[in-house]
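A short write-up of the structure that comes next.
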Amino acid sequence: MTKLIRSIKGTYDILPENSGKWQQLESTIRKIAGQFAYEEIRTPIFEKTDLFSRSVGTETDIISKEMYSWADRDGSSLTLRPELTASVVRAFIQHNLGGKAPLQRLFYMGPLFRRERPQRGRQRQFHQFGVEAFGSAHPEQDGEIISLAFSLLKALGLSDLSLNLNSIGSPECRKNYRNALQDFLRPFLSELSETSQKRFETNPLRILDTKAAHEIEIIQNAPNITAFLTEEDQSHFEAVQSFLNALNIPFILDSKMVRGIDYYTRTTFEITSTSLGAQDALLGGGRYDNLVEDLGGKPTPAIGFAAGMERILLAMGTMDESTPINTTDIYMVNLDLTGLSVAIKLTQSLRQAGFDVQFETLRRSMKAQMREANRSGAKYAFILGETEIQEKTVVIKNLNSGEQETKSIANIDEIIKNLTI
RNA sequence: GUGGGCGUAGCUCAGUUGGUUAGAGCACCUGGUUGUGGCCCAGGAGGCCGUGGGUUCAAUCCCCAUCGCUCACCCCA
């Protein structure tokens, strides 16, 4: 017996009954992004592995254990993109977009790949929508980005949202904070978990993110990064908050929020939904003022976020809901095989006139064809039987009223004019 | 990578304390109407009971393994 080939673990098919809500989500995204003057950028699905390790950070989970990488024929290491900011920054630098205009507002959407164990809200191939603004270091840019995020989620009808906000400052103050944190944690080192002990050296800030109860206890009294911000960082952070207040966007200050990607500076934020399970982050992002320079571009401040499209659909509660998108106006019922070419030609004329026409190709019984016409949601059934073909006519039946009349096919223009959909 | 739960029809699920042809609802097909949909009625098709092995006179059911799905840990969108 031949072994059935299934889709790869953590990947899934979007079937016709579900593609409608994806299209709706995509069009809402395009609409909101357009309102904020963001333009779409599309980058390749795979890149040089170095791009991700240099931007996201080699110690992060994404890079250290979640990438789909392979050696190309020339030996260079390539990777299916595990996130999109790196690719967008690469394109920004490669095409010198910063030289074309001082401010670039970009959005993207598409599939990403991370080799994690699948669970609710987490797939190995999943989709993100994101925005990036290059060029402005000012807090109003942060406000705009967060406002865009909120407008989108609101436009999608989502509630039960929580915006967490933090500033992790510039690299200098983070360095000072890192030292202070290590000094604080050192006496507790033996009490920490194995991973936390490892992170004590590699990335102590990540320990703040722990879920272990006894570690949370310890962290309670840890120094606060807010106290280490420079005056400029602090005033930037306060300005961002004042813009959010002006927009009536509620937020929670969370000085322990550490995001799992290394390139962030100053503002970081995350929006979670209480209607999801363990994977509750709908969207996360922040400022990355040094990344463009780190990847070889001219120093360019930037900020952006990425949103998980599957999670948004889950939070909307429509993930498993079937939303058909077919829009049949006319169902062409064919009963006479000698008249098929007449039926095909009539169908083409109707389509050219702008109608959505479904054409029977199964040669089923009339009853079956009429049932199909009814099921399709068509307003009209066009019936072409032996008599009609001989007399060059067509029976037009209104499926709502049940009324029908016979028309000469020669008067196709008049037929089209009298159809009301 | 680690742990829990679950695999019976296209879908949602019954079921057998191990016993002959494994069921229901929805969906599908045909007929009731020699060329007319929805509603109704009658009938039909569709299952290696996830896969492999073991115990047994007998396994969809019990045991083991395996694969798959799922939820959670970790981490993130």
Side-chain angles (χ1 to χ4, degrees), chain A residues 1 3-12 15 17 56 59-66 81-85 109-130 149 153 193-196 198-199 203 206 209-212 257-261 269-273 276-285 304-315 320 322 331 333-336 362 364-389 395-404 406:
Chain A
M1 187 183 167
K3 206 173 172 186
L4 290 181
I5 298 175
R6 311 183 88 267
S7 57
I8 292 163
K9 185 200 285 290
T11 70
Y12 64 104
L15 301 176
E17 65 203 43
V56 177
E59 296 303 323
T60 62
D61 283 9
I62 292 175
I63 302 307
S64 61
K65 56 184 190 191
E66 294 174 4
R81 61 188 189 194
E83 68 116 39
L84 254 158
T85 298
M109 50 180 137
L112 304 183
F113 307 85
R114 293 182 197 169
R115 199 182 188 293
E116 300 181 90
R117 194 75 167 260
Q119 72 187 75
R120 182 175 169 81
R122 194 175 69 188
Q123 298 286 329
R124 290 184 173 182
Q125 175 174 347
F126 62 105
H127 299 79
Q128 279 189 352
F129 149 71
L153 298 178
S193 68
E194 200 178 324
T195 47
S196 288
K198 199 182 281 177
R199 283 174 185 160
N203 194 348
R206 287 275 298 281
D209 214 20
T210 183
K211 307 286 190 303
M257 183 178 68
V258 177
R259 305 194 39 76
I261 295 173
F269 61 97
E270 193 171 276
I271 296 179
T272 56
S273 164
L276 294 181
Q279 310 302 322
D280 62 353
L282 288 179
L283 162 167
F305 71 77
M309 295 172 74
E310 280 84 357
R311 288 187 188 177
I312 286 174
L313 289 172
L314 280 172
D320 304 313
S322 155
Y331 196 95
V333 174
N334 308 308
L335 300 174
D336 182 2
L362 283 175
R364 282 179 288 189
S365 68
M366 181 164 198
K367 185 187 175 107
Q369 291 193 46
M370 288 303 293
R371 187 170 51 229
E372 191 67 48
N374 185 59
R375 196 164 27 213
S376 74
K379 180 157 185 195
Y380 296 98
F382 275 40
I383 301 166
L384 285 165
E386 204 178 339
T387 321
E388 288 76 26
I389 293 300
V395 170
I396 299 174
K397 176 162 186 172
N398 184 317
L399 291 171
N400 295 330
S401 66
E403 290 165 9
Q404 66 181 46
T406 305

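So that the names make sense, note that chain A is the first sequence line, chain B the second, and so on, each numbered from 1. Heavy atoms only: backbone and side chains are in, while hydrogens, waters and symmetry mates are out.
- With distances taken from any side-chain atom of A/R6 to the nucleotides B/C74, B/C69, B/A77, the minimum falls on B/C69.
- B/C26 and B/A42 are spaced 12 Å apart, taking the P atom of each and rounding to whole Å.
- Residue contacts for A/R364: at a heavy-atom cut-off of 4.0 Å it reaches the sugar-phosphate backbone alone, with no base atom in range.
- Listed pair A/R371 / B/U30 meets the phosphate criterion, a side-chain N or O lying under 4.0 Å from OP1 or OP2.
- Of the listed residues (A/Q125, A/Q123, A/E310), just one forms a side-chain hydrogen bond (donor to acceptor under 3.5 Å, both in side chains) with A/Y12, and that residue is A/E310.
- Between the CG atom of A/N398 and the C1' atom of B/U36 there is a distance of 14 Å, rounded to whole Å.
- The line from CZ of A/F129 to CG of A/L283 is 8.0 Å long, rounded to the nearest 0.5 Å.
- Residue contacts shown for A/A368 are limited to sugar-phosphate atoms, with no base heavy atom under 4.0 Å away.
- Residue contacts shown for A/L282 are limited to sugar-phosphate atoms, with no base heavy atom under 4.0 Å away.
- The shortest distance between the side-chain N/O atoms of A/Q119 and the OP1/OP2 oxygens of B/U70 is not below 4.0 Å.
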- Given Watson-Crick and G-U pairs under 3.5 Å, RNA chain B in dot-bracket ([ ] crossing, | other strand) is (((((((..((((.....[...)))).(((((.......))))).....(((((..]....))))))))))))....
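- Distance check, rounded to the nearest 0.5 Å: CG of A/D280 to CD of A/E270 gives 7.5 Å.
- Between the side chain of A/R117 and the backbone N or O of A/G10 there is no donor-acceptor pair closer than 3.5 Å.
- Distance check on atom C1': B/G46 versus B/G23 gives 14 Å, rounded to whole Å.
- Note: CD (A/Q125) to P (B/A77) measures 17 Å, nearest angstrom.
- Using a 4.0 Å heavy-atom criterion, one finds that A/R81 contacts no nucleic acid atom at all.
- Each of B/C76, B/C71, B/C74 was ranked by its minimum atom distance to the side chain of A/R120; first place goes to B/C71.
- For A/L283 and B/A77, the CG to P distance is 10 Å, given to the nearest whole Å.
- Residue contacts for A/E83: at a heavy-atom cut-off of 4.0 Å it reaches no nucleic acid atom on any strand shown.
- Within the nucleic acid shown, A/G402 comes within 4.0 Å of at least one base atom, counting heavy atoms only.
- Remark: the A/K367 side chain and the B/G32 base include a donor-acceptor N/O pair separated by less than 3.5 Å.
- Put simply, the side chain of A/Q404 and the base of B/U36 share a donor and an acceptor less than 3.5 Å apart.
- Listed for the A/R311 side chain is a donor-acceptor partner under 3.5 Å among the backbone atoms of A/G121.
- Nearer the 5' end of RNA chain B, as judged by each residue's closest nucleotide, is the contact made by A/K9, out of A/K9 and A/D61.
- When the nearest nucleotides of RNA chain B are assigned to A/R115 and A/E66 by heavy-atom distance, the more 5′-ward of the two goes with A/R115.
- In the set B/A72, B/C76, B/G35, the nucleotide with an atom closest to the side chain of A/M366 is B/G35.
- Using atom C1' as the reference point in both B/A9 and B/C41, the two lie 24 Å apart (nearest Å).
- To the nearest whole angstrom, the two C1' atoms, one in B/C64 and one in B/U70, are 23 Å apart.
- A/R122 contributes a side-chain N or O that forms a donor-acceptor pair with the base of B/C75 under 3.5 Å.
- B/U36 atom P lies 18 Å from atom CD of A/E372, rounded to whole Å.
- One N or O on the side chain of A/R114 and one on the backbone of A/P82 form a donor-acceptor pair closer than 3.5 Å.
- Counting only heavy atoms from C-beta outward, the side chains of A/L313 and A/H127 never approach each other to under 4.5 Å.
- No contact: A/I312 has no heavy atom under 4.0 Å from any strand.
- Taking atom CZ of A/R114 as the reference point, atom P of B/C74 lies 17 Å away to the nearest angstrom.
- In this structure a side-chain-to-backbone donor-acceptor pair under 3.5 Å is present from A/R124 to A/E116.
- A donor N or O paired with an acceptor N or O is not found under 3.5 Å between the base of B/A72 and the side-chain atoms of A/R117.
- Comparing the P positions of B/G37 and B/U51 gives an interatomic distance of 42 Å, to the nearest angstrom.
- Nucleotides B/A14 and B/U66 are separated by 27 Å at their C1' atoms, to the nearest Å.
- Among the heavy atoms of the strands, none lies under 4.0 Å from A/A373.
- Contact annotation: side chain of A/E116 to base of B/G1, donor-acceptor pair absent below 3.5 Å.
- B/C13 and B/C6 are spaced 13 Å apart, taking the C1' atom of each and rounding to whole Å.
- Note that CD of A/E66 and OG1 of A/T60 are 8.0 Å apart. Values are rounded to the nearest 0.5 Å.
- Residue side chain A/R206 does not reach the base of B/C75 through any donor-acceptor N/O pair under 3.5 Å, judged by distance alone.
- Atom CG of A/L276 is separated from atom P of B/A77 by 15 Å (rounded to the nearest Å).
- With both ends at atom P, the span from B/U12 to B/A27 equals 15 Å, rounded to whole Å.
- If you take CG on A/L384 and CG on A/L335, they are separated by 8.0 Å, rounding to the nearest 0.5 Å.
- Judged purely by atom type and a 3.5 angstrom limit, A/Q369 uses its side chain to pair as donor or acceptor with the backbone of A/R364.
- Counting non-hydrogen atoms under 4.0 angstrom, A/E403 reaches nothing in the nucleic acid.
- Remark: C1' of B/G35 and CD of A/E386 are 10 Å apart, rounded to the nearest angstrom.
- The CD atom of A/E388 sits 8 Å away from the C1' atom of B/G35 (whole-angstrom rounding).
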